[in-house]
Structure formats: structure tokens, C-alpha cells
Amino acid sequence: MQTGAFRDIRNAPANYTILHLHKCFKFHFNVIYILVIMDTTGNIINKAYSYKDVEEKWYSFWKENGFFHSEPDQRASYSIVIPPPNITGFLHMGHALNNTLQDILVRYKKMRGFNVVWIPGTDHAGIATQNVVERQLAQEGLDRFKLGREKFIERVWEWKKKSGDVIVHQLMKLGVACDWSRQRFTMDEGLSIAVKEVFVRLYTEGLIYRGEYIINWCPRCLTALSDLEVEHKDEDGKLYYLFYPFSDLKEGITVATTRPETMLGDTAVAVHPDDPRYKGIIGKNVILPIADREIPVIPDSSVHSDFGTGAVKITPSHDFDDFEVSKRHSLPLIQVIDRNGKMTANAGKYQNMDRYKARTAIVEKLQKLGLLVKVEDYKLSAGRCYRCSTITEPMVSTQWFVKTGTLAQHAVDAVKEHRTRIIPIQWEKSYFEWMENIKDWCISRQIWWGHRIPAWYCDDCKGITVSTETPKACSKCNSPNIHQDEDVLDTWFSSALWPFSTLGWPEETADLKYYYPTGVLVTAFDILFFWVARMMMMGLKLMNDVPFRHVYIHAIVRDEFGKKMSKTKGNVIDPLLIIEKYGTDAFRFTLASMAAQGRDIKLSEQRILGYKNFINKLWNSTRFVNIKRLEAGLNPPFRQSGEIHLNNSSENPIDAWINKKLSDTLSGVLDALENYRFNDAAAVLYQFVWHEYCDWYLEMVKIHYSESSDKATLENMLFVHEALTKLLHPFIPFVTEEIYHILGNSDSIMKASYPDLKQPVKSDRVSETYVHDIDTVIEVVKRIRNIRAECNVPAASDVDMSFAGADEKLSLIEKYSTYITKMTHGKNIKLHREPLTIKGTAVEHIEGLNIYIHLSGVIEPSVEIQRLDKEIGKLQPELEKYKYKLNNEEFIKKAPQEVIEETKQINAELRERYEQFNVSRKRIEELLK
RNA sequence: AGGCGGAUAGCUCAGCUGGUAGAGCGCCACUCUUACACGGUGGAUGUCGCAGGUUCGAGCCCUGUUCCGCCUACCA
């Protein structure tokens, strides 16, 4: 038989008819043991946890039973609105992390008795979605203009119907406890009403206005972009030095530019007013070559004298700064590049030429004229459209804006007054910085997919009518000849309303009253400005209250090179593949464990594998406790209340011990989750389950139960197992639900409540003693195991052991001798008051106790001396450190009393151990003589 | 250019308010023991980027500095 075959059978699914094999391979004999373990419903419980069987089953169970649903009631509410993923989106690591963290909070708060709602939904993603559909049209040889606005929008809706919920179904795979009955879409009827309402209100108050301004324009998407929608990157470019002669043609001025094609739109040359080189020429005119226009030399302090020649050509129509300069100096605007990125009629014979072809042509022409002074290589930062990466063009046009001044101020105040807390707090600084330098928000987009701007223009009086309902006539002159604005609103405009529009605003609904403001917004920092800041402004303005009490900012998941994962870069790790490979629970636990990582999470599969093993460990411990449960015929509830009580002096010491550790774990998890330290919560649970509960408690239960058949301890074990299952549920919902049922519960674990510290954990002196006892037993066992391993004692052979020390310690050893012998393969324990000297014995020392392992024939005295020397060698530098510390007068004088006490105690312990080792060493040496 | 973050065990990273450096994976040895080999037991491994400073005491605070990353920005 081969190992491979062995494994294959072991991992067979639950419905596999052959019962799985158990510890089957005996080396010389082909003996196969078959062990069958069944749960209460008669299913075979697999030895290896197979998540695939479990996950789908429970998600539909939860969903169909309405466990995700919430309605306002008497309880305290806790609400979260999902950052709505784009309908064009596919689940990526960012979504996975973001939604896992939210789900942990949602399930946790539910189990703590809050009435929790998590409102899901999707975003119409204007430009992104339009691009997707336009690409489809292109394949059919069509474009949106051929189709016309109405037909095009129909096409988008069709597409949305078909593919828009892909991301939603992917989210479900993560196990998210969203209230799907409340699912919203930013272009829903209700949300569209909210959008119009906000537009009209803000317009009426003068907070939305229409104006001519220079904006970022994408010549491919043919729309305005907000500042945030433009990405800047350093690129190789050239810096051209152009010579503009004075009108007397004798001398001139050299300007530097990276964009010579814009020179045809120049309306001035600016120099710094204090620049001595140009003192005399301010006010003179230069002749703009090719265009043959005269333009003035003007003073402006925004010019940096030390850059280039200290003289700047001013092109107000195609440069943000120049636009500002032109306003200060009342310069005319001359547009030379059009919306398609081609030269306009103002460019004379270059008309209709592409902007980059025109650059080459104009540079050549200038060279011929002898006006090109020089060309240098230069790194420049070009703006690119965040959707299609086309280089954007600054363009002067008429757009709609939100006046952000006071809105932003209120949003700043709210955070300063901690009505909304940003966590981690360092993000506050970025938030303030951005908010305090905010510009008016350009909200109009020249695309078709989105909320159409509710403004109508009168063909007769040119008046503007803004209204939530489609008007019949101009509100100014009553003329029926009106037409609606062609533009739609920035996608983020509707997203900004998300925390209240999803709750029914502008209606004053019961939901709105009950759930607003939301408890927390969970998001990555990359949309802190795009979205969070704008929700703050809108929430405060329209609801008169912050939209969320907390903002929790988590990391961005990056690839191994620290780059943001994106489809265009092709560096995406698909979470769905990870789920397929390791299971959702393992994946979720990994994400929670890594949530603390600074700004980037670089996902490593090794780590996920580790947590998959953890789930398996949990699974197998469940198999064990359930065998015992069925044997003993125990059924839930395993305790009358959820209280963890330590004050039962008749209880088993190991129960007192594990209950204390459970209680510590509980407070650790609560503290961590209340402070959004997901990784700490995960670590505390991992440590408890594996290294306290499984490693020690279950092993001791085995020993105890085989001796005493004590059902009370089994019940305590089941109580602890169920409690830790509940504690883990928010992190790993699927496996915990399965376990909860295996333990004999018929209801969902989602209905269970988190173990609660409100019922105080009492502990009397007896329990405390028990806890300390077991800690000591563990310490003793570890020391003995250590010796066995270091002395290469064969694992299967039992060894005699003796103990020497104070009565108190000896009675402890006596009391727990069964645990000690069974856990160390020991036998014939003997107790002594005085230290021993026996040949062939290895020695260990812990506080107040000497441990002797009798290894005649296994260990030579000389070898034992070497071993002791090693121990002594390890202790020496430690002792030196403490000696120095305690001899330091300043330390004694200035350190807090408790630190000094602690130091003294550790020192005493080390010293005792050190001395005992030395004594033992001497005795063995004497034996050798 | 400014702002922010990172630099800790071979790898991926924890380390909250300064008080004997941790986890997971990997590695070495033993081990298929009756929940689990996706397991058990034991073990090795770090001048906490570098240089100063404050402090009785610094991975943590301060100053400077070097790499790496991100964000913002009007040097044309």
C-alpha cells in the first residue's frame, strides 16, 4: 500500500460509502483498522475537514432563514453600509479583506445582542460601466452615438441585469451576513430621487453652481474628470526652450515648456516681479512666433525664477496655473486643442491635427525659424485618466460644481470634535490636510450612464430651471421651449449619499431614525477622499449628523512587488481561487490575522495554509469531544447559563484552569475587537484553541476521564468547546456553524450570544490555587520532556523519576502524579525532602523543586555534566544583566516599585536555578571521583 | 518638492501607553501514542536599517541619515 493511496481514501468526502481509514498502516502486518465516527444525524465525520461540503450548505441556510435580516425594534442598533462595489467589478483581495472585516464586526455585534443591519448594494460606476458597454458596441461595429442616448442606456441596463450581480454572488462566497432584502443600487428609483433632491436643495442654497472653469478632460472618454480621477506619474519627456522676440525683433525672451503645441494659445509671458534679469521688460510685448500675435510680458509671483529661464509662457486654456494667472491679469483665453485632443481653428494651419503630431510639427517649424533654443530631457508628470490611461487635457469649459468651503469645514469639525473617529488615528492628518485644501468639486460628467443633471435650459430666456420633477416650462419666463442638461453627475455624488439614501431618505423613515448614523465605515485609504470625505460633507449637510461614528481604515492588498493589484497590470491573485484551495474560513482567518499590517498586505499562501491547518485542528478536536459527548450521552445546553464560573471549589482543577484561560481569551477578544485590532483577536483565539485547549486541556481530560469517568469534566469540556466555537464564529462562520450542530445544537450559532463578561467572572482562592497548580504541572511536564529529548531517551520507554523539595511542592506532585507520569512516560515517582545524588540521573530545577530523571544506562555522568554546563552557560549572561540592574542605584531610586519587585523576583528565580544546577554539577563530579 | 508609511529570526509579518525580543511557515532531532502526520514532542535561529541623543531603562520617545513604497503638489 502506498502513502498516496492512503491519503486519498482518508480525504474522501462524507458521503463516501467506504468508511474512512484510521491509523491503518502497521509496518510488518497489513492490518487495517477502520474507525467510524458519526455525528448525530448519522453522517460520517471526516478526519480531515472538508470545507467544500460545509460552506454552501450553511450560507443558504442562514439566508433562507432570514438570519441576516433586521427590522427596527427596542434593542440598540448597529448598522454598517457596505462600500458598494462597482457593478463592473470582480471580487479582488481588497473586497475580500474589506468585507471579511465588516462581517466579523457584524456577526460579533449580533452575538453581543445588538440589532445589526448590514446594508449591501452596488454602484453604477458611471465611466467604468459605460466603457465596458462601449467596448461591447465596438465589437459589433457600433458606438454610442450611432445608437443614440436612449438605446444606449437601455443597453447598459441590459448589461447590468446580466452581469451586474456577479460581484454580489462572489461576496456571498465570503459568507457575508448582509441583509440582502435591503440590497440597493445607486441608480435605483429611491436613490435617484435622493440624488435629485440633494441637487435641488444644494442648488437652491447656492451650494451647487454652474461655472466656467478649467477642468481635467479625457479626450477618449470625452468627459470631465475630477482632480481625483486623474492619476499622475513621472514620465520621460522633453523641455523645449523657445525664443519669443520683442516686437522690435532685436532681442527677445526665452521660455521653457514641456508642451510646445500649446504655444499657439499663449496670451502672455510671465516673469517673477523681483527677477532682476527681467526688471526692464515687464510691460513690453513679445511676438508670438507662428501665430504672429503680440503678447505682453507680465509680472506674477507664482513664477519660479530658478526654473528654466525664469520666464513662463502663459496658456490659460490648457494649463491649470496659467488659467489662474490669466484670471489675475484678465488675459484672454484662446483654445487651441479641442475635446478630441485635436488642434482647433485657432491653431491656423495646424487645425485638426492631433495634439502630439502638432507638437512635432510646431517644433520643426520653430527650428526652421531658428527660434528653438535647445531641447533637454525632462521628467514630467502627466495626468492620465484613471479609467483609460489616456493623457488628460486641461480644458476650459462650463461645468457644475459643488461649493465645498463650508461643507468641508463642518466635516473637519466633526472629526476634530471626535463625533466621527478615524481609526487608526494617523489618517486624521491626511483627512484634515485634504479637507483644508479642498477645491470646489466638479460634479458634471459628459457621459450618458448616470444620474442626469436635473437642470433645464430655456431656449428663449436662457434661464435655468432646476427641479426634481421634469418641468413643463421655464421657471423664469414660462416658455415651453426648454431642454435638459445633457450631462450626468459624478458617480461619487450618489455614493456620497449612500449612508442615508439606502435608508429611505428623503422620506423620514423608521429605518433612518433607527439605523442612522451607522456604527462604522470600513474602507481602504485609497477612497478616503473620493468617498469618505464626501459622505461626511453630505451627511452633515442633509442629515445634520455624521454618517458614521467610526471610520476604520484598513490596508490595501498588494502583490509581491508592493504594487496595487489591478486587472490591467495582470498581477491579481484571485480570492475565489484561494477559497477553492483553502476554504473560506481559512482565508478569512488569514485576512483577519493580517489586518494589522501597515498599509500594504502582501499575501502569502504559506500563511493561509497555516490557518487551514488551524481549522483542521479545530475540526479534529471537535471530533474528539463529540466522541466523548456521544459516549456519555450529553446534550446541550452544557451549562445552564453562559456564565464562566470559576468559583466552584468542587470542580476539577483542570476545569478551573481552562475556564480561567477561556475567560482571559474572552476579554482579549472583546478588547481587541472593540478597538478594531482584528489580528490580536485572531492571535488570542489561535493561541488559546491550539496551545492551551488542545495541547493541554484535552490531553488532561483524556487522562482524567480514563481514571475517573467523570461526566462533570466532560460537560465542562463541551461547555468550553462550545464557547470557543462561538468566539470563533465571527471569524470563521462556516466551520463553527457545522461544529455547533455536531455538538447537538439544532438552532444556528448566529442565534447564540457571545459569552458575556457582564456576568462577572468570580474566582475564589481554591480556583486560583488550581490554576496555579496546573500551570506548575505544565511547567514540570515541559522540563521532563525537555530532558528526555535532550538525553535521547526513546519515546516509548518509561523512566523512573524523583522529586525533592518543600512539602508543599511535593504534595502537588503527588496530587497530580497521574498527569505527570502519563504526559511524560514516567513511572515510580518517589518524593524526597533532601536533594538526591544518584548515578545516571538527569536533573532539572524549577522554583522550589528538583526533578530527577533516572536514566541509568542511558546517560553517562560526564554527558550530564556537559548538559548542565550548557544550562548554566545560558543562565550566566542573564544573571549578569539582572545583577547590574539591581546594583544600579539610579534604577532602585527611580524605577517604579512594581518593576523593581518584578526584577528582583525574576532575579531570585534565575539565581535559584543557577545555584541548583551548580550544586547538582558538583555532586555528579564527586560521584565520578 | 512636501506629507505619510515601511526597514525586527531564512520567509511573511506581530509587538497597544518605553520595563527579561514574539507568531505562522520553513529548518534540525525524535515520533504514525487510542481527535488530528493538515498531527505530537523537543530544539536552533535576531548588535529590532545606520549614527547620535533623552532616560535608571529604548524595537518603541527625540534628532540626523540610508534604502524601499505610497499619497499629495502649479517648477512651466
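Given the structure is predicted, the values throughout are model-derived calculations rather than measurements.
Within 4.0 Å of A:Glu889, counting heavy atoms only, lies no atom of the nucleic acid at all. A:Tyr882 comes within 4.0 angstrom of a nucleotide base, judged by non-hydrogen atoms across all strands. Residue A:Pro896 is classed as a base contact, given a heavy-atom separation below 4.0 Å to a base. Residue-level contact check: A:Glu699 touches the bases, meaning some heavy atom is under 4.0 Å from a base atom. No engagement by A:Gly668 is indicated, since no non-hydrogen atom pair under 4.0 Å with the nucleic acid exists. Residue contacts shown for A:Ser302 are absent, as no nucleic acid heavy atom lies under 4.0 Å away. Note on A:His691: only backbone sugar-phosphate atoms sit closer than 4.0 angstrom, heavy atoms only; bases stay farther off.
Not a single donor-acceptor contact under 3.5 angstrom links the side-chain atoms of A:Lys47 to the base of B:A35. Contact annotation: side chain of A:Glu433 to base of B:A73, donor-acceptor pair absent below 3.5 Å.
Atom CG of A:Leu698 and atom P of B:A35 are 10 Å apart (whole Å). At whole-Å resolution of the value, CD1 in A:Ile438 and P in B:C71 are 19 Å apart. Following rounding to the nearest Å, A:Ile314 (CD1) and B:C75 (C1') show an atom-to-atom distance of 12 Å. A:Asp322 has its CG atom 12 Å from the C1' atom of B:C75, to the nearest Å. With rounding to whole Å, A:Met823 atom CE is found 13 Å from B:U41 atom C1'.
Seen from the ring of A:Phe624, A:Lys702 counts as a face-on cation partner, given the 6.0 Å and 45° thresholds.
The nucleotide whose nearest atom lies closest to any side-chain atom of A:Lys782 is, among B:G15, B:A76, B:G42, B:G42. Set against B:U12, B:C4, B:A76, the side chain of A:Val312 has B:A76 as its closest nucleotide. Of the listed nucleotides (B:G24, B:C36, B:C70), B:G24 has the atom at the smallest distance from the side chain of A:Tyr686. Across B:G39, B:U31, B:U12, the shortest atom-to-atom separation from the side chain of A:Ala795 is found for B:U31. Of the candidates B:C74, B:U41, B:C36, the closest approach to any side-chain atom of A:Lys439 belongs to B:C74. The listed nucleotides are B:G19, B:C36, B:U31; the one nearest the side chain of A:Lys617 is B:C36. The listed nucleotides are B:G40, B:A76, B:C16; the one nearest the side chain of A:Arg677 is B:C16. Nearest nucleotide to the A:Asn679 side chain, out of B:A14, B:G5, B:C38: B:A14. Residue A:Asp695 has its side chain nearest to B:G40 when only B:A37, B:G40, B:G15 are considered. Listed candidates were B:G19, B:A76, B:A21. Nearest to the side chain of A:Lys881 is B:A21.
The P atoms of B:A1 and B:C16 are separated by 32 Å, rounded to the nearest whole Å. When the C1' atom is used for both B:C38 and B:C70, the distance is 37 Å, rounded to whole Å. Distance check on atom P: B:G22 versus B:G43 gives 14 Å, rounded to whole Å. On the C1' atoms, B:C13 is 30 Å away from B:G2, given to the nearest whole Å.
Put simply, A:Asn786 has a side-chain N or O that comes within less than 4.0 Å of OP1 or OP2 on B:G43. At least one side-chain nitrogen or oxygen of A:Trp690 sits closer than 4.0 Å to the OP1 or OP2 atom of B:G40. The side chain of A:Asn613 contributes an N or O atom lying less than 4.0 Å from OP1 or OP2 of B:G39. Contact annotation: A:Lys874 reaches the phosphate of B:A44 (side-chain N/O to OP1 or OP2, under 4.0 Å). The phosphate of B:C38 has neither OP1 nor OP2 within less than 4.0 Å of any side-chain N or O from A:Lys612. In this structure, A:Lys885 does not reach the B:U20 phosphate: none of its side-chain N or O atoms is under 4.0 Å from OP1 or OP2.
Counting only Watson-Crick and G-U wobble pairs whose two distances sit under 3.5 Å, RNA chain B takes part in these stems of three or more pairs: B:1-7 with B:66-72, B:10-13 with B:22-25, B:27-31 with B:39-43, B:49-53 with B:61-65.
Ring centroid separation for the pair A:Phe323 and A:Tyr213 comes in under the 6.0 Å cut-off.
Of the residues near RNA chain B, A:Ala789 and A:Ala256, the one whose nearest nucleotide (by heavy atom distance) lies more toward the 5' end is A:Ala789.
Ring orientation note: the planes of A:Tyr686 and A:Tyr611 are nearly perpendicular, at an angle over 60° on the 30°/60° scale.
A donor-acceptor pair shorter than 3.5 Å cannot be found between the side chains of A:Arg623 and A:Asn626.
A salt bridge links A:Lys894 with A:Glu890: at least one charged nitrogen is closer than 4.0 Å to a carboxylate oxygen. Taking a cutoff of 4.0 Å between a charged side-chain nitrogen and a carboxylate oxygen, A:Lys374 and A:Glu376 qualify as a salt bridge. Between A:Glu878 and A:Lys883 no salt bridge is recorded (no basic side-chain N to carboxylate O distance below 4.0 Å).
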Next on the checklist: Set out, in order, the CA-CA distance, both residues' side-chain angles and the distance that settles side-chain contact (heavy atoms from CB on, under 4.5 Å) for A:Met717 and A:Tyr693, then state yes or no.
Outcome noted: CA-CA 9 Å; A:Met717 173 187 79; A:Tyr693 178 72; 3.9 Å; yes
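Counting heavy atoms from C-beta on, the side chains of A:Pro260 and A:Lys238 never come closer than 4.5 Å.
A ring pair (Phe, Tyr, Trp, His ring centres under 6.0 Å) with A:Phe614 is found for one member of A:Tyr582, A:Phe589, A:Tyr49 and no other, namely A:Phe589.
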